[in-house]
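Protein chains get the first letters and strands the later ones, always in sequence-line order, with residue 1 at the start of each.
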2 protein chains.
Amino acid sequence: MQHCYIYMKKLLKNKKIRETSFRLEVLKVLSENENPISMDYLEQSLPKFDRITLYRTIKTFLDKGLIHEVLIAGESKKIALCSVECNEENHIHHLEHVHFFCENCKETFCLEIEKVPTIIIPNHSINSFEIQAKGICQNCK
Amino acid sequence: MQHCYIYMKKLLKNKKIRETSFRLEVLKVLSENENPISMDYLEQSLPKFDRITLYRTIKTFLDKGLIHEVLIAGESKKIALCSVECNEENHIHHLEHVHFFCENCKETFCLEIEKVPTIIIPNHSINSFEIQAKGICQNCK
DNA sequence: ATGTAAATGTAACAATGTTGCATTTAATAA
DNA sequence: TTATTAAATGCAACATTGTTACATTTACAT
Ligand SMILES: [Mn+2]
Ligand SMILES: [Mn+2]
Ligand SMILES: [Zn+2]
Ligand SMILES: [Zn+2]
């Protein structure tokens, strides 16, 4: 994950989000954390911030598909950067995005795994689905 | 789903939750709704209630495994009764519990489907996992 | 450089969740 | 049945989280 401003500015531009200094600060914190972070952690990581502007920033980032929510039962809501799309140098395919919560270190991870077999629910048409797994992470084993 | 008080009282007893009139009222609303409901809906469905007691009731129900949370990205938190365990008369096996959000009628469903193939994440040990699907439900097709 | 729509900061407010404590109640023992 | 006791409740006061309105500032296209 790159943290430089040029990269972050490009991220905003790609998603048609106006570049402001505050949005770059928020994006910097998100970029520095590989794993999903809570609003609480985000606020503590920002040097100075206006609470209302932060809410609006998060809403904008969510609406424009720059970040996504990570909801694990019993855990506080977290957010994480969406993974970058394929480009000329780097193609990611046949991978399924899952959320993993480690019951030992309490950390939440966004993981890309080999595509799991299609889920079928009789008489329902599925447009998308999410998987949240709990267990013991790589580092804690 | 049975709604009678004898059944609800048994539910509480089985989970070692003290029987009180307020808890029976909450349980009644949950029993009357097959699908997960929001706190907001629950509050509006209770004849009279104390907000603080309601929070504590929900916490107790969650802790004792009588209800479970249903978290869908972008939707408000919902709760639903846990399905009844197997007993002498009725055995349920090889079914996986999934949450389905209908993008048309905006309803959330708890569904039991044929067991999906095991999900494997390299170097992680999975104790449990949840699936949240979005699409069009049975009724809306 | 200028115009304009978007973003920000301030304030006031609304909704949601928590804690302490005195009173009431349910479950248990006598 | 009654007495005992730990749990649940209701109230108040508080803390956290999220929203709205509006005047000011800023980004960005012309
Ligand atoms: Mn993720
Ligand atoms: Mn469910
Ligand atoms: Zn871990
Ligand atoms: Zn539907």
- Ion pair present between B:Lys28 and B:Glu32, side-chain N to carboxylate O less than 4.0 angstrom? yes
Can you tell me the distance, in whole Å, between the [atom1] atom of [X] and the [atom2] atom of [N]?
X       : N      : atom1 : atom2 : value
A:Leu24 : D:dT26 : CG    : C1'   : 14 Å
B:Ile17 : C:dA27 : CD1   : P     : 12 Å
B:Glu19 : C:dT25 : CD    : P     : 14 Å
A:Lys59 : C:dA6  : NZ    : P     : 14 Å
A:Asp63 : C:dA6  : CG    : C1'   : 15 Å
B:Phe61 : D:dA8  : CZ    : P     : 11 Å
A:Arg23 : D:dA27 : CZ    : C1'   : 10 Å
B:Leu54 : D:dA8  : CG    : C1'   : 14 Å

- Per-nucleotide protein contact along nucleotides 9-20 of chain C, 5' to 3', at a 4.0 Å heavy-atom cut-off (B base, S sugar-phosphate only, - neither), is BBB----BBBBB
- So, do B:Leu71 and B:Lys77 sit near enough that their side-chain heavy atoms are less than 4.5 Å apart? yes
- Using a 4.5 Å cut-off on heavy atoms from C-beta on, say whether the side chain of A:Phe61 contacts that of A:Leu12. yes
- Taking only residues two or more places apart in sequence, or in another chain, which ones meet A:His68 in a ring-ring contact (aromatic ring centres under 6.0 Å, His included)? A:His97, A:His99
- Which of these, A:Ile113, A:Leu111, A:Val98, A:Asn139, sits in a side-chain contact (heavy atoms from CB on, under 4.5 Å) with B:His124? A:Leu111
- Message: Can you tell me how far apart CD1 (A:Ile136) and CG (A:Asn104) are? Round to the nearest 0.5 Å.
- Response: 5.0 Å
- Does A:Thr60 have a side-chain nitrogen or oxygen under 4.0 Å from the phosphate oxygens OP1 or OP2 of C:dA7? no
- Distance below 4.0 Å between B:Thr57 side-chain N/O and D:dA8 OP1 or OP2: no
